[in-house]
Amino acid sequence: MTKTRASNRLLILMLLGIAAGTLLGGFSPSTALAIAFLGDLFIKALLMLVVPLVVVSMVVGISRIGDLRRLSGIGGRTLAYYMLTTALSVFIGIVLVLLVNPGGAETETERIALRGGEILDKTKYTISGTSITLADAPSRRSYDDRYMVMLLDQGDVRGIISGSQGQGKSSFIVNGWTDAKDAPVRPKIRGAGVRIDLAVVERVKEKKSSVGEVLRDVVTSLVPRNLFKAMANNDVLPLIIFSLIFGGVLMTLGEKGKPIIALFDGLNDAIMKMIGLLMLASPVGVGALIAGRLAHAGGFAGFGPDLLRLGKYFATVVSGLLIHGLIALPFILYFIAKRPVIGYVKNCAPALTTAFSTGSSAATLPLTIECTRSRNGVPAHIANFVLPLGATVNMDGTALYEAVAVIFIAQIYGIQLGIVQLVVIFLTATLAAVGAAAIPQAGLVTMVIVLRAVDLPIEGISLILVIDWFLDRCRTTVNVWGDMVGAAVVERLEGRLDAE
Ligand code: ASP
């Protein structure tokens, strides 16, 4: 079978895997859960290869560059590409969310629907301190066992309360309360009064959240205290740094270093072969992962209503991702990297579908490298350097999503953002994406940086929680696609320099 025919066959099988997984998870969650272990197996096999792959391919890549001075050129161009494309995607996200205004309430009913809560008038509640007792507990479930209830006083929204759904419980904690009658609907979060029992909100609250802290964390994480611990945790960034230095030093050893470089070369070929084998199983793995996740969300019947409720927000994020992934990046691929877009994307399909099904750029890395090197012919010394770095720091999709989500939360809370705040969101969303680990839903956690930077309530995260797992997969696909386009761009720029 020719290479093209084999790759077309794999593409068709992957698409069939996705379709079968979606139908199974959507319509028959119980069957889907029964086969979900196949997806776990696939993810574990991918993760198993990440550490050896990163170390070996980096060392090989550096040794093939031959001259350390050239590395700084490749490094510089890679970082410039990453920064510019991430900034572009955040810009697209901000423009879109301002235009669509998904969290803006045109009518009171719409606002309530978005909050997923109910309006109560003054006769239905009494307040004492920070807790509130409702005459009738609202019956509607919303946002993962939480209520968001708006309190109305003679037609004015006077406050927002939230609480967990409890059996027959009618007492809630006051989450936000605005005193001035005509103040914008801006719940003031009171330390003592806030108690939201969502695991994720608890998790993000403990996170470092100032811009300086995050930058410092990224820099200190570059050097591992213990190399094996970094390996055990699948921490890619410190492994990149170690391998870069190790490969560079090997080269300076001359004759003595050559057998070790040859050993790494052999190891690299062996690992790439293993990845090639794993790719054959990817249609089943991808299908099982999608089926399992959709079943976990309750199939179409469970997930559909959440998706509809947050439809405008969902559509805004996905449209932004599509504009960036289908217009901006292909434009760069065609005009700067001078690559045929359709052929390139077709060869990237196994990695892109795996990114969608795993929601993790790190887990996808073996296939990202395989597709870029073997199928798209980007030389090892470029791909081996650009892609592992990209998987951890270049997240166009995540950056775009963070900006849209934060502005959406502001719109829901009725908070007007000025131009300065938009600029702060632009900068911090980029940074939050760099700081996000390449694992599922890491972006949701780093979003707290952006929210804090513009003084928005962190609890707003709970508004978008229910559909985040799905958006995570969409943005991870764009993250990986951005890395793969980057490899072609850097190759082209390097090639042009060589020719000159
Ligand atoms: N899951 C994403 C990735 O691995 C990160 C995120 O946005 O949560 O690329």
Side-chain angles (χ1 to χ4, degrees), residues 39 42-43 46-47 49-50 53-54 82 85-86 89-90 92-93 199-201 203-204 207 214 217-218 221 233-237 240 286 289-290 293 313-314 316-318 320-321 324-325 329 348 351-369 371-372 386-406 408 425 428-451 461 464-487:
F42 179 57
I43 265 200
L46 282 169
L47 287 172
L49 291 171
V50 168
L53 175 72
V54 169
Y82 286 164
T85 47
T86 305
S89 73
V90 179
I92 292 172
V200 70
V201 177
R203 222 167 67 215
V204 297
K207 283 271 153 189
V214 173
D217 269 9
V218 171
S221 76
N233 293 339
N234 261 337
D235 281 344
V236 176
L237 221 46
I240 292 179
V286 162
L289 280 170
I290 292 178
R293 192 57 188 84
Y313 159 70
F314 172 80
T316 311
V317 176
V318 170
L321 293 175
H324 189 67
L329 290 175
C348 291
L352 297 178
T353 45
T354 303
F356 182 79
S357 62
T358 59
S360 165
S361 304
T364 311
L365 189 59
L367 294 192
T368 314
I369 293 187
C371 292
T372 313
V386 173
L387 297 172
L389 193 65
T392 38
V393 303
N394 181 46
M395 298 194 182
D396 296 359
T398 301
L400 182 148
Y401 142 85
E402 303 232 1
V404 173
V406 165
F408 170 74
I425 290 177
T428 48
T430 309
L431 188 77
V434 173
I439 55 171
Q441 293 190 274
L444 187 74
V445 180
T446 58
M447 193 190 298
V448 77
I449 303 165
V450 192
L451 288 170
I461 286 182
I464 55 170
L465 196 67
V466 272
I467 59 163
D468 194 70
W469 69 269
F470 190 67
L471 287 178
D472 179 38
R473 278 130 207 268
C474 302
R475 62 188 189 249
T476 307
T477 312
V478 174
N479 291 347
V480 170
W481 175 226
D483 300 340
M484 293 169 114
V485 171

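Just follow the structure's listing: the first ligand is 1, and inside any ligand the first atom is 1. Note that the structure is a prediction, hence the values are computed from the model and not measured.
For the pair Asn479 (side chain) and Thr398 (backbone), a donor-acceptor distance under 3.5 Å is present. Listed for the Thr446 side chain is a donor-acceptor partner under 3.5 Å among the backbone atoms of Ala432. At distances below 3.5 Å, at least one donor-acceptor pair connects side-chain atoms of Ser360 with backbone N or O atoms of Ala438.
Residue contacts with ligand 1: Gly359 is included, with a non-hydrogen atom under 4.0 Å away.
Every atom of ligand 1 with a heavy atom of Thr398 under 4.0 Å away is listed here by number and element: 5 (C), 6 (C), 7 (O). Close contacts of ligand 1 with Ala438, meaning ligand atoms under 4.0 Å from a residue heavy atom, involve 4 (O). Annotation for ligand 1: atoms under 4.0 Å from non-hydrogen atoms of Thr476 are 1 (N), 2 (C), 3 (C), 4 (O), 9 (O). The atoms of ligand 1 that sit less than 4.0 Å from any heavy atom of Asn479 are 2 (C), 3 (C), 9 (O). Below 4.0 Å from some heavy atom of Gly443 lie the following atoms of ligand 1, by number and element: 6 (C), 7 (O), 8 (O). Close approach of ligand 1 to Ser360 (heavy-atom distance below 4.0 Å) involves ligand atoms 4 (O). Atoms of ligand 1 found under 4.0 Å from any heavy atom of Ser361, numbered from 1 in the order shown, are 3 (C), 4 (O), 9 (O). Below 4.0 Å from some heavy atom of Asp472 lie the following atoms of ligand 1, by number and element: 1 (N), 2 (C), 6 (C), 7 (O), 8 (O).
Leu444 has its side chain within reach of Tyr401: a pair of non-hydrogen atoms, C-beta onward, lies under 4.5 Å apart.
Under 4.0 Å from ligand 1, the heavy atoms of Gln441 that appear belong solely to its backbone.
Distances between N or O atoms of Ala442 and those of ligand 1 include at least one value under 3.5 Å. Between Ile439 and ligand 1, an N or O atom pair is found at a separation short of 3.5 Å.
Partners of Asp468 according to the salt bridge (charged side-chain N to carboxylate O under 4.0 Å, His left out) rule, which considers only residues two or more places apart in sequence or in another chain, are Arg475. Applying the ring pair (Phe, Tyr, Trp, His ring centres under 6.0 Å) criterion to Tyr313, with sequence neighbours excluded, gives Phe408.
At a cut-off of 3.5 Å, with distance as the only test, no side-chain donor of Thr368 or Asp483 sits close to an acceptor on the other residue.
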Ile240 and Val54: CA distance, side-chain angles, deciding distance, side-chain contact (heavy atoms from CB on, under 4.5 Å) verdict: CA-CA 7 Å; Ile240 292 179; Val54 169; 4.0 Å; yes

